[in-house]
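See below for the structure under consideration.
Below, chains carry the letters A, B, ... as their sequence lines are ordered, and counting in each starts from 1. Computed from a prediction, not measured in an experiment: that's the story for all the values here.
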Number of protein chains: 2
Amino acid sequence: MEAVPRKTTIREVARAASVGIGTISRVLNSSSQVSRETRARVLEAIRRLGFRPNAQARRILKRRAEMVCFLLSNRDFLHPFHARILQGVESYASGLKQHVLFAALHYSPRTPPDGIDLPPVLQEHGLIDGLILAGTIYPNLLRRIESIHMPFVAFSNNVVGIGDEEQFDQVGFDDFNGTLHATRHVIGKGHRHIVFAADVSYPWLRRRFEGYRQAMRENKLKHVLITSRNPQSFVDFGQKSAGRILSRQPRATAAVAGNDEIAYGLWRSLRRQGVKVPDDISLVGFDDREEAVLMDPPLSTVRVDKEEIGETCMKMLLERLHHPRMTFSQRILPTEFVIRGTVRQV
Amino acid sequence: MEAVPRKTTIREVARAASVGIGTISRVLNSSSQVSRETRARVLEAIRRLGFRPNAQARRILKRRAEMVCFLLSNRDFLHPFHARILQGVESYASGLKQHVLFAALHYSPRTPPDGIDLPPVLQEHGLIDGLILAGTIYPNLLRRIESIHMPFVAFSNNVVGIGDEEQFDQVGFDDFNGTLHATRHVIGKGHRHIVFAADVSYPWLRRRFEGYRQAMRENKLKHVLITSRNPQSFVDFGQKSAGRILSRQPRATAAVAGNDEIAYGLWRSLRRQGVKVPDDISLVGFDDREEAVLMDPPLSTVRVDKEEIGETCMKMLLERLHHPRMTFSQRILPTEFVIRGTVRQV
DNA sequence: CTCACTTATGGAAGCAGTTCCAAGGAAAAC
DNA sequence: GTTTTCCTTGGAACTGCTTCCATAAGTGAG
């Protein structure tokens with residue numbers, strides 16, 4: 001490996017400006033105790049020598065890396081949903097001169113905590129100040145992260161099997177009220193036979209189901225949960241559910257899907273069987289993924305602001321770093337029902 | 001801001017293991033000059049004290065940040081396409097204990113180079129060793145990056161208005177041969193009237209067009225370029241192009257789209273007009289984005305391995321860092337035509 | 001038994017900054 | 001005119017590591 005060329009240091013700048021090294025440091029950190037002329041002379045020397053302070057050296061002394069890690073915790077690829085969260089994190093962070101490291105984590109829900117291999121960034125010390133956890137989070141991962149005593153904030157909608165008694169900073173959005181409002185909207189359009197399609201063993205889909213059920217109960221309507229066996233994916237789950245919806249009597253006039261992928265699968269399979277959305281059956285989704293707009297007609301769905309999630313995660317993490325002893329908090333972001341073309345008046 | 005608790009240092013470990021600090025360093029860097037017993041004693045002390053070496057301190061001495069920045073250069077959100085590239089970068093990097101910083105860049109093609117605002121990470125010195133540039137790259141950005149003398153590799157398919165004489169490390173994929181093979185496939189299925197739909201003012205779409213034209217010429221077929229005015233997006237471009245394809249005489253039996261989004265727009269608009277894919281018209285795309293599989297039937301398209309792009313970028317960047325004077329190189333990755341359901345035999 | 005050559009180890013110096021304390025000088029107070 | 005105070009300023013000491021040099025101990029040859 002060839003040598004990296006020596007860079008200008010603070011001492012050379014000091015010599016060039018005929019001042020002491022302390023003065024340079026003071027100018028760099030814009031602490032006020034420097035006279036006008038001296039500051040001007042120093043800045044001129046900095047400019048002339050093309051000096052850029054070494055970030056590492058400062059970090060040692062400051063004991064702050066000014067860097068956080070966005071850790072994507074499952075084997076999924078960087079899905080658009082999480083990509084948008086990452087964007088929110090980065091955009092908020094860069095405004096505050098904070099840096100964002102991206103790392104991926106490979107683990108299975110059943111690995112014992114000690115067995116989880118952490119990415120290189122977490123094996124060093126001082127590289128990052130804190131962690132933003134995204135992706136599906138199982139208890140063993142939480143244990144593992146806690147064991148390294150690194151401040152973190154979790155995007156908690158995809159947390160699985162972790163009780164309410166668990167204490168950590170988390171940001172999520174409102175599954176329950178999301179489907180509650182979506183279902184009310186559908187009911188408001190005159191529908192009476194509305195089914196809900198999702199695998200409610202996922203906590204977040206369970207919460208969405210409860211929102212749907214609440215809306216049905218309010219209107220004294222019967223709730224119906226549609227599931228399907230051994231789906232390959234959520235889209236496949238939707239496809240397989242379509243038949244079950246059609247075979248029920250009385251025939252449902254609307255379906256609330258647990259997420260957009262299920263809605264997509266449903267839509268696709270229904271269309272193949274000659275059932276038109278929304279003419280024959282209305283449909284709503286959840287998440288507002290890119291697919292929602294690509295569908296034809298575009299899907300009415302529950303929007304969650306992914307960038308806001310990222311932003312809020314970053315904000316909370318910074319608060320945590322400034323106040324390590326602050327009690328843990330949990331922020332639930334609101335959702336918004338977006339009306340597009342898949343719900344019709346009956 | 002509360003103080004961060006003092007962490008164990010190398011000197012404490014040295015005391016605990018009754019050895020010198022040099023020995024600790026030697027163990028950490030696994031240089032061989034340490035006896036079995038001493039190494040064991042040191043490792044034991046490290047474990048007992050929960051010592052994690054401070055990354056910053058090492059970096060100062062090593063003059064290497066062991067970190068690169070993935071810089072997304074346009075105003076687009078982190079699109080799945082680039083998200084996958086980032087994944088490739090990260091996955092290759094983490095295997096080599098390198099870290100990946102994510103940063104976004106906001107600039108317009110017409111800002112003068114000096115006017116481009118670089119993200120915080122590029123304003124410090126020593127934070128990163130090099131840069132991976134993705135997104136749409138205009139000459140002014142290239143100028144700006146060169147001005148800070150930071151080694152970089154560009155994902156060059158989306159480079160606009162930069163001549164061949166330009167020298168920098170780049171990774172791209174084979175636009176020309178991609179459509180060449182795709183078009184040959186379509187011709188092989190018996191099609192004779194095949195149109196190409198794209199805005200060829202984009203260099204990469206122009207190259208794809210040339211690939212298509214080459215295949216047509218080989219078979220003594222007439223090439224037809226379909227474009228449309230003021231599209232809002234590529235999908236919109238496709239939608240607007242559909243009418244133009246249908247109104248031509250003789251009617252085309254197949255269309256090659258410049259990318260999957262155009263293909264999607266085409267498909268959607270054709271379907272609305274009662275024209276079925278592939279029964280009435282065959283269709284192929286380019287890129288193999290997520291939409292391709294979601295279409296019904298799924299789109300036959302040209303696949304590019306996004307993770308491989310990321311991996312190759314990272315690999316080239318590391319080579320560049322090890323050999324700063326090496327001549328610039330350009331790597332073109334092959335593409336693969338994936339047959340799904342949108343091309344039929346005539 | 002001595003000498004040359006390895007191999008292992010301790011720790012000072014150094015990296016590029018920040019911090020803090022002492023000191024110089026000017027202005028203000030006495 | 002002297003003392004006090006305030007504002008600047010210089011630079012030693014420090015951060016947590018790596019590197020290198022000197023030394024110690026061990027090994028084999030002569």
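- Side chain of B:Arg41 to backbone of B:Glu37: no donor-acceptor contact under 3.5 angstrom is found.
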Please lay out, stage by stage, how B:Ser147 and B:Arg144 fare under the test side-chain hydrogen bond (donor to acceptor under 3.5 Å, both in side chains).
CA-CA 5 Å; B:Ser147 78; B:Arg144 184 73 176 98; 3.2 Å; yes
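- Comparing the end axes of the helix from C:dC1-D:dG30 to C:dC30-D:dG1, each fitted to five base pairs by superposing C1' atoms of four pairs onto the next four, gives an inter-axis angle of 50° (nearest 10 degrees).
- Going from atom CD of A:Glu12 over to atom P of C:dC15 covers 11 Å, rounded to whole Å.
- Here C:dG14 presents its P atom at 18 Å from CG of A:Asn54, a figure rounded to the nearest Å.
- For the pair B:Arg15 CZ and C:dG10 C1', the computed distance is 15 Å after rounding to whole Å.
- At D:dT9, one or more side-chain N or O atoms of A:Thr38 fall inside 4.0 Å of OP1 or OP2 (strictly under the cut-off).
- Each of B:Ser18 and B:Ile60 was assigned the nucleotide of DNA chain C with the nearest heavy atom; the assignment lying further toward the 5' end belongs to B:Ser18.
- Contact check, A:Ser35 against D:dT9: a side-chain N or O comes under 4.0 Å of OP1 or OP2.
- Looking at the side chain of A:Arg63, the nearest of the listed nucleotides D:dG10, D:dT15, C:dG17 is D:dT15.
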How would you summarise protein contacts on nucleotides 18-27 of chain D per nucleotide, using B for base, S for sugar-phosphate only and - for none, with heavy-atom distances below 4.0 Å?
BBB-------
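- One N or O on the side chain of A:Gln56 and one on the backbone of B:Gly126 form a donor-acceptor pair closer than 3.5 Å.
- As a whole-Å value, the separation of A:Leu127 CG from D:dC17 P is 13 Å.
- Legend: residues meeting side chain to side chain donor-acceptor pair (under 3.5 Å) with A:Glu319, ordered by chain and number and at least two apart, are A:Arg331.
- OP1 or OP2 of D:dG10 has at least one side-chain nitrogen or oxygen of A:Thr23 nearer than 4.0 Å.
- Put simply, CD on A:Glu66 is 14 Å from P on C:dG17, counting in whole angstrom units.
- What separates CZ of A:Arg36 from P of D:dT8 is a distance of 11 Å, to the nearest Å.
- As a whole-Å value, the separation of A:Glu37 CD from D:dC7 C1' is 12 Å.
- Take A:Glu124 and apply the salt bridge (Lys or Arg N to Asp or Glu O under 4.0 Å) test, not counting sequence neighbours, and it matches B:Arg58, B:Arg59.
- Following rounding to the nearest Å, A:Ile46 (CD1) and C:dG17 (P) show an atom-to-atom distance of 10 Å.
- With sequence neighbours excluded, the residues satisfying side chain to side chain donor-acceptor pair (under 3.5 Å) with B:Gln170 are B:Ser156.
- Here the side chains of A:Leu142 and A:Phe152 are in contact, with some heavy-atom distance below 4.5 Å.
- Within a 6.0 Å radius of CZ in B:Arg15, no more than 12 heavy atoms belonging to other residues, nucleotides or ligands are found.
- B:Asn54 meets the side chain to side chain donor-acceptor pair (under 3.5 Å) test with no other residue; sequence neighbours excluded.
- In the set D:dC17, C:dT9, D:dG10, D:dC17 carries the atom at the smallest distance from any side-chain atom of B:Phe51.
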